[in-house]
Amino acid sequence: MAKRAKPFDISTVLTREAVLRFIADNPDSAGKREIAKAFGVKGDSRLLLKDILADLQAEGLLAGGRKQFVRPGVLPDVTVLEIRHRDEDGGLLAVPLGWDNAVSGDRPVFSVRQTPGTGPAAGIGDRILAKLDRSDPDAPTASVIRLLERKKTIALGVYRPMPGGGGRVEPVERRQLEYRIAPDASLGAKEGDLVEVEPSERSRVGLPIGRITTIIGSLSSEKAISTIALHAHDIPHVFPRSVIEAAEAAPSSVGLNDREDWRDLPLVTIDPIDAKDHDDAVHARPDDDPANPGGMVLTVAIADVSWYVRSGSPLDTEARLRGNSVYFPDRVVPMLPERISNDLCSLKPDVDRPALAVRMVISADGEKRRHSFHRILMRSHAKIAYTEAQAAIDGLPSPVAPAILADVLRPLWAAYALLQDARHRRQPLDLDLPEKKLILGPDGKVDRVMIPERLDAHKLIEEFMIQANVAAAEALEAKKQSLIYRAHDAPSMSKLESLRDFLRTLDIALAKSGALRPSHFNGILAQVRGGEHESLVNEVVLRSQSQAAYSPDNIGHFGLNLMRYAHFTSPIRRYADLIVHRALVTALGLGEGGLSREDEEQLEATAELISKAERRAMAAERDTVDRLIAHHLAGRIGEEFDGRIAGVTKAGLFVQLPAFGADGFIPISSLGNEYFNYDEVSHSLVGSRSGGGYRLGDSVLVKLVEAIPLAGSMRFEMVTEPRPLPSSSASFHKMRVRPSGRPGRSKNVAAKVRKNR
């Protein structure tokens with residue numbers, strides 16, 4: 001009898017060494033897809049490849065992204081460069097994109113060559129796709145294939161008058177140039193004004209010459225501070241004329257055409273009290289189907305942005321570039337012009353509006369039994385604020401009409417109660433990280449910081465939107481239609497091992513065998529709830545999670561514990577949702593404005609672009625809060641504040657002020673009269689002589705010694721003495737005490753959790 005063949009174990013072939021060797025041999029075609037094809041990776045083995053790539057990147061052995069991996073220091077023959085400088089003869093010099101400080105000699109610098117007549121001439125600040133020639137190691141060159149991105153034509157800086165007339169503009173970012181301003185080009189700017197400047201002449205000697213185009217105002221204003229963030233993160237904030245014209249030309253009314261007439265259905269919007277646009281409306285009623293006793297029919301209607309923003313149009317091109325709206329304490333930089341977002345696609349009361357609606361049948365145990373999508377003409381029957389809806393339900397004074405309360409709000413709460421039961425069984429990740437909101441005064445300065453109350457009205461709308469997002473992903477998968485998912489991967493093996501090591505210091509166990517689910521983390525969070533380590537464990541569990549992103553590949557949403565999830569509910573402010581709307585229109589045959597062939601071909605590139613835009617927006621929002629708080633506290637140098645350690649590094653401690661929601665830094669050199677060792681496992685700095693120290697999540701008292709509003713930075717001194725720390729089995733990474741700069745800032749964790757949904 002023939003012996004049965006042993007099952008093939010791909011781990012014997014797919015090893016770290018084999019992956020590194022393949023990338024070295026194929027530097028121009030070594031993306032994740034090519035690696036998977038070369039090794040025959042399928043099914044569950046994709047997780048093995050993912051972990052190998054993640055570990056190699058974490059160890060610094062691999063660079064690049066999913067489309068192309070390279071060994072650090074190894075560049076493909078065709079790559080993206082940024083032109084940074086000129087040589088002594090005026091020739092252009094470029095460095096690989098993302099490689100800073102290239103002129104120091106320890107990074108590759110390429111002389112740029114461009115054939116006349118082959119396209120627009122490149123200049124300093126431009127990004128190019130180039131073919132590299134390294135045959136002469138002492139004089140490597142780069143031949144321009146095409147110009148990818150022009151430099152910014154507008155810079156931002158602070159105006160300083162000069163004796164004799166005119167002045168100069170100091171940049172707010174170190175990488176920007178300083179400009180000389182002629183007397184007739186200052187636009188009347190005064191000392192300390194934040195201005196936008198346009199380069200007017202290039203000079204090979206002295207400062208470049210520019211002219212001021214806009215005076216934004218004093219640095220102390222909120223508008224000025226948020227504008228710094230916009231420029232620092234390259235966020236588009238001025239709509240081109242063609243985009244404005246396209247928005248103004250959009251028809252003010254939409255007939256039924258092929259739409260279903262749902263204007264009599266009492267859909268309502270429930271939003272923040274100060275909301276300017278209303279892109280979702282909801283309705284619920286008991287299901288009259290005898291086969292679904294106790295069930296509900298839930299409807300979510302979303303503004304039909306795809307009707308107005310067609311693929312390839314100026315509106316579409318600009319929306320894709322922006323990726324999403326960006327929110328600052330007193331203004332919004334929208335993805336779409338106000339004519340679209342605040343008017344035509346805002347579901348205002350008693351006005352006909354086009355919408356895309358999903359009708360979901362919910363069983364008595366909260367499970368979705370079926371759903372259907374409809375392209376409709378609707379009319380909102382009421383605009384309700386969260387606080388007004390909650391007050392009406394709670395029997396408190398509210399402007400909500402009695403008929404709306406009885407016929408609309410109470411059925412909505414009944415549907416939410418069913419979904420809440422199902423959510424408890426599903427157990428999404430349940431981190432307790434309250435979000436802070438800055439309240440500004442009339443002068444644009446911080447008046448106070450508050451934590452908005454989390455009402456059932458908020459949770460209701462959030463859960464309805466989640467269910468609609470799931471239905472969209474399921475509907476498109478059923479039609480085998482390509483789409484962009486909201487993907488949130490499970491934590492990597494390396495992060496889980498670090499989390500286990502940390503939890504071990506608190507005598508908390510994290511299971512090793514089997515696939516971990518959000519419920520495992522919820523169990524850990526429940527163990528520390530109400531205890532001294534609650535904040536610390538919430539923080540460390542958050543840091544162990546992967547970052548959510550957009551992707552044409554479905555890996556599920558780990559945090560929500562959902563297999564299929566796509567953003568559908570906010571096409572006014574997220575380009576991903578607009579793509580999903582177009583996909584539904586195409587897949588379900590709902591008329592015009594569907595997904596074009598170009599849209600489908602560019603799904604991967606679009607997903608990568610809007611994921612970067614999301615991270616860019618979060619960074620800009622965080623930087624603006626830091627600058628506002630630094631300005632708010634600049635007059636309180638020497639005062640002591642209650643803080644919480646939000647980050648522990650080899651260079652020192654990041655301390656967050658809970659009352660303000662901003663971070664400051666304490667250099668390790670200022671901590672005390674002893675050496676401090678960095679314990680990576682327990683997230684702490686430990687005194688080499690006393691054994692006491694400081695750990696992530698600790699409450700401490702700090703003194704403010706420096707605040708720089710323009711940079712958004714604060715420096716503290718520690719007032720709290722080192723505390724006894726539990727011993728750790730991990731070896732210490734000993735650090736010599738030395739003066740230290742500020743290497744970075746810890747992220748606003750509440751914002752990160754919100755964005756991950």
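None of the values given here were measured: they were computed from a predicted structure.
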Separation of K495 NZ from R543 CZ (nearest 0.5 Å): 11.0 Å

4.5 Å side-chain heavy-atom contact, I83 and R127: no

Atom pair CZ/NE2 of R615 and H233 - distance to nearest 0.5 Å: 13.5 Å

Residues in side-chain hydrogen bond (donor to acceptor under 3.5 Å, both in side chains) contact with K368, at least two apart in sequence or another chain: H371, E474

Check: E621 side chain, Y327 main-chain N or O, donor-acceptor pair, under 3.5 Å: yes

Worked verdict on Q602 versus E598 for side chain to side chain donor-acceptor pair (under 3.5 Å): CA-CA 6 Å; Q602 296 178 3; E598 289 75 15; over 6 Å; no

Distance under 6.0 Å and angle within 45° of ring axis: R322 vs Y575: no

N561 (side chain) donor-acceptor with R426 (main chain) under 3.5 angstrom: yes

Validation row: L53, V19 side chains within 4.5 angstrom (heavy atoms): yes

side-chain contact (heavy atoms from CB on, under 4.5 Å) evaluation trace for R33 with K37: CA-CA 6 Å; R33 184 172 297 173; K37 184 176 180 180; 5.8 Å; no

Heavy-atom closest contact (V580 atom, A472 atom, distance): CG1-CB, 4.1 Å

Atom pair CG/OG1 of L578 and T606 - distance to nearest 0.5 Å: 10.5 Å

By ring pair (Phe, Tyr, Trp, His ring centres under 6.0 Å) - contacts of F464 (at least two apart): none

P571 versus M335, closest heavy-atom pair with distance: O-CE, 3.3 Å

Nearest non-hydrogen partners of G366 and A422, listed with the distance: O-CB, 3.4 Å

Partner set under ring pair (Phe, Tyr, Trp, His ring centres under 6.0 Å) for F568, not counting sequence neighbours: F373, H581

Any donor-acceptor N/O pair, H488 side chain to G559 backbone, under 3.5 Å: yes

Atom pair OG/CD1 of S570 and I302 - distance to nearest 0.5 Å: 6.5 Å

Atom CZ of R425 with >12 non-hydrogen neighbours under 6.0 angstrom: yes

Expected output: side-chain D577 to main-chain A566 donor-acceptor under 3.5 Å: no

Derivation of the side-chain contact (heavy atoms from CB on, under 4.5 Å) call for L595 and I579: CA-CA 7 Å; L595 204 65; I579 289 291; 4.1 Å; yes

Approximate separation, where rounding is to 0.5 Å, of T586 OG1 and L483 CG: 12.0 Å

D599 bridged to R582 by N-O distance under 4.0 Å: yes

Within-4.5 Å side-chain heavy-atom neighbours: R504 and L510: no

L48 CG to F39 CZ distance, which is reported to the nearest 0.5 Å: 10.5 Å

Residue pair S498, V681: steps toward the side-chain contact (heavy atoms from CB on, under 4.5 Å) verdict: CA-CA 7 Å; S498 297; V681 170; over 6 Å; no

Test log, rule side chain to side chain donor-acceptor pair (under 3.5 Å), inputs N522 and S519: CA-CA 5 Å; N522 290 342; S519 57; over 6 Å; no

Check: L685 and N677 side chains under 4.5 Å, non-hydrogen atoms: no

Intermediate values then yes/no, side-chain contact (heavy atoms from CB on, under 4.5 Å), R310 and D316: CA-CA 6 Å; R310 301 297 176 91; D316 178 53; over 6 Å; no

Any donor-acceptor N/O pair, N324 side chain to E614 backbone, under 3.5 Å: yes

Side-chain heavy-atom pair L431, L525 within 4.5 angstrom cut-off: yes

Lys/Arg-Asp/Glu bridge criterion (N-O < 4.0 Å) met for R500, E497: yes

Nearest non-hydrogen partners of A607 and I484, listed with the distance: N-CD1, 4.1 Å

Minimum side-chain heavy-atom gap L590-L356 below 4.5 Å: yes

Closest non-hydrogen atom pair, E539 against A646: OE2-O, 3.7 Å

Check: R564 and N554 side chains under 4.5 Å, non-hydrogen atoms: yes

Closest heavy-atom pair and its distance - S544, L499: OG-CD2, 3.8 Å

Cationic N near anionic O, under 4.0 Å, R597 to E601: no

S546 (side chain) donor-acceptor with A490 (main chain) under 3.5 angstrom: yes

Any side-chain heavy-atom pair of H683 and V540 under 4.5 Å: yes

Main-chain N/O of R423 paired with Q427 side-chain donor or acceptor, under 3.5 Å: no

Candidate pair Y550 and H567, rule side chain to side chain donor-acceptor pair (under 3.5 Å), full reasoning: CA-CA 9 Å; Y550 293 105; H567 274 167; 2.9 Å; yes

